[in-house]
Asks: 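One structure, pasted below without further comment.
Only a predicted model underlies this, so the values are computations on that prediction, with no experimental measurement involved.
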Amino acid sequence: MLLPRSLGWIGAFLISLSTHAAASDSWPQWRGPLGTGEGPKADPPTKWSATENVKWKVKIPGRGTGSPVVWGDQIFIQTAIPTGKKVADYPSEVPGAILAAQEQRPERPPGGGQPGQGRRGGGGGSRDEKPTEEHQFVIMSIDRKTGKTLWQQTARQEVPHEGHHQDHTFSSASAVTDGEQVFAYFGSRGLYAYDMKGNLQWSKDFGDMRTRNGFGEGNSPGLYKDTIVINWDHEGEDFIVALNKKTGQELWREERDEATSWSTPLIIEHDGKAQVIVAASKNVKSYDLKTGKVVWQCSGLTGNVIPTPIYHEGMVYVTSGFRGNALLAIKLGRSGNLDETDSIVWKHGKGTPYVPTPVLYDGKLFVTSHNNPIISSFDAKTGKPLFEEERLSGPQGLYASLVAAKDKVYVVGRNGTTVVLKNAPKFEVLATNELGEKVDTSPALVGKDLLIRGHEHLYCFAN
């Protein structure tokens with residue numbers, strides 16, 4: 001009996017190594033396989049345009065600001081497609097699609113309150129008018145070699161309950177995958193688990209969010225081994241919840257007390273224990289992935305937190321840039337409140353990003369200023385500036401997060417112009433590339449391919 005059990009253990013170990021290797025060759029989440037924005041095995045092009053180095057280009061139906069994620073030769077992308085059917089087209093005042101969806105939903109957990117309920121009152125009004133058109137909330141699988149759609153699934157079809165910021169969309173999250181399952185998250189429209197062939201395995205509804213000023217929803221799930229985590233910070237009752245990725249069963253749920261945040265939870269392993277790190281305005285908090293109990297916390301960020309934390313060699317980097325500037329480098333190892341302790345290794349208080357998440361590459365942290373094409377670089381361990389607030393010529397506004405590979409750093413402007421910087425202690429531009437289509441989403445770097453999602457098309461560039 002000893003031999004088969006040993007072989008089984010070795011087989012499981014080899015499968016684990018194979019999965020890890022496949023992940024490093026892919027882009028399984030919106031910040032890449034390391035969660036830092038780096039493509040460790042990628043070698044993308046330095047130069048491209050709407051006609052140069054284009055491997056393929058496909059039109060994506062509807063609108064979305066989630067990034068493409070990749071496993072092997074499958075690209076996954078989410079979108080919200082208007083059907084053309086308005087509320088007035090329904091036979092009753094309440095759209096039948098909404099009634100049908102509500103009948104299928106479980107009793108709403110905390111977080112699903114109606115406007116005017118919850119701790120903080122209403123969301124302050126939407127930048128867009130209240131939605132009146134039905135949308136399909138869709139996940140697509142696209143062949144990385146050809147751009148051909150492999151499968152397309154509609155997770156839900158309904159009229160959204162709330163509008164969004166004028167620069168936003170109804171589909172803002174990125175999918176996440178481990179090569180066994182792919183998870184599509186549409187916030188108030190729920191979380192959906194599919195196999196790699198597009199077969200629905202389970203779904204979970206968390207209620208309706210009420211976002212600050214009706215800006216819309218914006219974070220993605222965190223995935224680690226068999227656990228998937230959703231953070232639910234809005235203008236009602238907040239929570240963070242962990243689910244079994246195979247069944248959708250809740251493992252734990254913890255209440256939170258935050259304003260709306262748009263930061264994706266980061267799951268890392270430190271000293272043999274997995275923890276979930278969430279950045280928000282009142283506190284940055286770490287939760288034990290197994291139990292949901294708070295491991296440590298600290299304050300120091302500004303309002304409207306959007307950038308996702310980054311982990312590297314025992315340090316966590318968190319940043320924000322709305323009505324103030326904050327960048328904290330936090331050394332892990334202690335528990336409890338880390339304010340005013342030497343766990344905060346260094347801070348920086350100017351020129352930090354509002355929307356884009358920085359990239360950590362080759363021991364350097366590259367950081368943009370607010371949503372402007374201005375970039376700084378720091379030694380990640382010490383906080384020593386390598387260069388500060390250099391202005392990039394070409395990009396107009398930044399929403400996309402920074403990515404890096406093969407000694408290059410990519411900064412994508414909202415006008416579709418990308419500046420490629422050399423990974424060096426001094427500021428050096430290698431190329432400026434114009435696409436001719438607006439871009440608000442972060443690129444993905446896999447193998448020789450650079451994937452950029454514009455407002456209308458998904459592009460694959462390669463030398």
Asks: Would you say H234's side chain and W232's backbone share a donor-acceptor pair under 3.5 angstrom?
Replies: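 Between the backbone of W232 and the side chain of H234 there is no qualifying donor-acceptor contact (under 3.5 Å).
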Asks: Is any side-chain heavy atom of T357 closer than 4.5 Å to a side-chain heavy atom of W30?
Replies: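 Contact flag for T357/W30 side chains = yes.
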Asks: Is the CD atom of Q249 crowded by more than 12 outside heavy atoms at less than 6.0 Å?
Replies: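 Atom CD in Q249 is not packed in, count stays at 12 or less.
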Asks: Can you tell whether the side chains of E180 and K246 come within less than 4.0 Å, N to carboxylate O?
Replies: no
Asks: Assess R156 against F137: is NZ or CZ under 6.0 Å from the centre of the six-membered ring, and within 45 degrees of the ring's axis?
Replies: no
Asks: Okay, side chain of R144, backbone of G72: is any donor-acceptor separation there less than 3.5 Å?
Replies: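 It does hold such a pair.
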Asks: Is there a side-chain contact between Y192 and Q153 in this structure, where contact means two heavy atoms from C-beta onward sitting under 4.5 Å apart?
Replies: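 The answer is no; the side chains never approach within 4.5 Å.
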Asks: Would you say the side chain of F170 lies within less than 4.5 Å of the side chain of P131, judging by non-hydrogen atoms?
Replies: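 A side-chain contact under 4.5 Å exists here.
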Asks: Answer with yes or no whether the side chains of E235 and T260 bring together a donor and an acceptor at under 3.5 Å.
Replies: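 Yes - a donor-acceptor pair under 3.5 Å links their side chains.
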Asks: Considering all heavy atoms of both residues, which atom of V58 and which atom of G147 are nearest to each other, and what is their separation?
Replies: CG1-O, 3.2 Å
Asks: When rounded to the nearest 0.5 angstrom, what is the spacing between CD in E52 and CG in L435?
Replies: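 Answer rounded to 0.5 Å: 12.0 Å.
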Asks: Judged by modelled atom types alone, do S188 and E217 share a side-chain donor-acceptor pair under 3.5 Å?
Replies: yes
Asks: Do N304 and R212 have side chains that approach each other closer than 4.5 Å (heavy atoms only, starting at C-beta)?
Replies: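 Heavy-atom side-chain distance check passes, below 4.5 Å.
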Asks: If only atom types and distance count, is the side chain of S369 paired as donor or acceptor with the main-chain N or O of N372 below 3.5 Å?
Replies: no
Asks: Pair L191, F183 - check side chain to side chain contact (heavy atoms under 4.5 Å, CB included), show working.
Replies: CA-CA 7 Å; L191 172 66; F183 301 89; 4.2 Å; yes
Asks: Please report the closest heavy-atom contact between V355 and I306, naming both atoms and the distance.
Replies: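 Result for this residue pair: O-CG2, 3.6 Å.
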Asks: Look at the side chain of T441 and the backbone N and O of T65, then say whether any donor-acceptor pair between them is shorter than 3.5 Å.
Replies: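 Not a single qualifying donor-acceptor pair exists.
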Asks: Quick check for you: to the nearest 0.5 Å, what is the distance between L451 atom CG and I75 atom CD1?
Replies: 4.5 Å
Asks: Strictly distance-based, threshold 3.5 Å: is any side-chain N or O of S281 a donor or acceptor partner for the main-chain N or O of T302?
Replies: yes
Asks: Minimum heavy-atom separation for I330 to C298, with atom names?
Replies: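 The pair with the smallest heavy-atom distance is CD1-SG, 3.7 Å.
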Asks: Starting at CG of L398, measure out to CD1 of I374 and round the result to the nearest 0.5 Å.
Replies: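 One finds 9.0 Å between CG of L398 and CD1 of I374.
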Asks: For the side-chain hydrogen bond (donor to acceptor under 3.5 Å, both in side chains) test, which of K285, R256, E258 pairs with N231?
Replies: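 The residue from K285, R256, E258 that satisfies side-chain hydrogen bond (donor to acceptor under 3.5 Å, both in side chains) with N231 turns out to be R256.
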Asks: Please find the pair of heavy atoms, one from N371 and one from P356, that lie closest to each other, and give the distance.
Replies: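 The pair with the smallest heavy-atom distance is OD1-CD, 3.5 Å.
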Asks: From K57 NZ over to I452 CD1, what is the distance, rounded to the nearest 0.5 angstrom?
Replies: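 Going from the NZ atom of K57 to the CD1 atom of I452 covers 13.0 Å.
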Asks: Are F461 and Y459 an aromatic pair by the rule of ring centers under 6.0 Å?
Replies: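 That pair passes the under 6.0 Å test.
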Asks: For S26 and P28, indicate whether the former's side chain and the latter's backbone hold a donor-acceptor pair under 3.5 Å.
Replies: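 Not confirmed, S26 side chain does not pair with P28 backbone.
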Asks: Search all heavy atoms of P358 against all heavy atoms of P307 and return the closest pair with its distance.
Replies: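 Nearest heavy atoms, P358 then P307: CD-CB, 4.4 Å.
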Asks: Are the side chain of Q181 and the backbone of K245 linked by a donor-acceptor contact shorter than 3.5 Å?
Replies: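 Looks like yes, one N/O pair under 3.5 Å.
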Asks: Do other residues, nucleotides or ligands put more than 12 heavy atoms under 6.0 Å from E437 CD?
Replies: yes
Asks: D440 and H455: side chain to side chain contact (heavy atoms under 4.5 Å, CB included), yes or no, with the steps?
Replies: CA-CA 7 Å; D440 288 333; H455 277 206; 3.0 Å; yes
Asks: May I ask you to test the N219-D233 pair for a side-chain heavy-atom distance under 4.5 Å?
Replies: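 No, every pair of side-chain atoms sits at 4.5 Å or beyond.
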Asks: Look up atom NE2 in H312 and atom CD1 in I268, then write down how far apart they are to the nearest 0.5 Å.
Replies: 13.0 Å
Asks: Could D73 and K145 be called an ion pair, given the rule that one side-chain N must be under 4.0 Å from one carboxylate O?
Replies: yes
Asks: Below 30° counts as parallel, above 60° as perpendicular, anything between as tilted: where do the rings of W151 and F76 land?
Replies: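 Judged by the thresholds at 30° and 60°, the geometry between W151 and F76 is tilted.
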Asks: For S174, does its backbone N or O pair with a side-chain atom of S67 as donor and acceptor, under 3.5 Å?
Replies: no
Asks: About how many Å separate OG1 of T154 and CD1 of I139, when rounded to the nearest 0.5 Å?
Replies: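 Rounded to the nearest 0.5 Å, the CD1-OG1 separation comes out at 11.0 Å.
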Asks: Can you check whether R31 reaches S401 side chain to side chain, under 4.5 Å on heavy atoms?
Replies: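 R31 vs S401: side chains touch.
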Asks: Tell me, yes or no, whether the heavy-atom count around K438 atom NZ, taken from other residues, nucleotides or ligands under 6.0 Å, exceeds 12.
Replies: no
Asks: Using only atom types and a distance under 3.5 Å, with no angle test, would you say the side chain of N433 pairs donor to acceptor with the backbone of W48?
Replies: yes
Asks: Contact between P61 and M140 at the side-chain level, heavy atoms closer than 4.5 Å - yes or no?
Replies: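 Yes. Closest side-chain heavy atoms under 4.5 Å.
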Asks: Using a 4.5 Å cut-off on heavy atoms from C-beta on, say whether the side chain of V284 contacts that of V316.
Replies: no
Asks: Return yes if some donor-acceptor pair links the side-chain N/O of Q136 with the main-chain N/O of Q157 below 3.5 Å, else return no.
Replies: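 No; judged by distance alone, with no hydrogens or angles, the pair does not exist.
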Asks: Determine whether W27 and L445 satisfy the following criterion, side chain to side chain contact (heavy atoms under 4.5 Å, CB included), listing intermediate values before the conclusion.
Replies: CA-CA 7 Å; W27 195 269; L445 311 176; 4.0 Å; yes
Asks: Using the side chain to side chain contact (heavy atoms under 4.5 Å, CB included) definition, which of the options I375, V409, V429, V412 pairs with V419?
Replies: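 That would be V429; it is the only one of I375, V409, V429, V412 passing the side chain to side chain contact (heavy atoms under 4.5 Å, CB included) with V419.
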Asks: Under the side chain to side chain contact (heavy atoms under 4.5 Å, CB included) criterion, do Q74 and V69 qualify, and how do the steps go?
Replies: CA-CA 8 Å; Q74 276 186 281; V69 301; over 6 Å; no
Asks: Does D25 come within less than 4.0 Å of K41, counting only side-chain N to carboxylate O?
Replies: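 Judged by the 4.0 Å cut-off on N to carboxylate O distance, D25 and K41 do form a salt bridge.
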Asks: For a quick test of reading the model, state the closest non-hydrogen atom pair linking D449 to C460 and the distance between them.
Replies: CG-SG, 3.7 Å
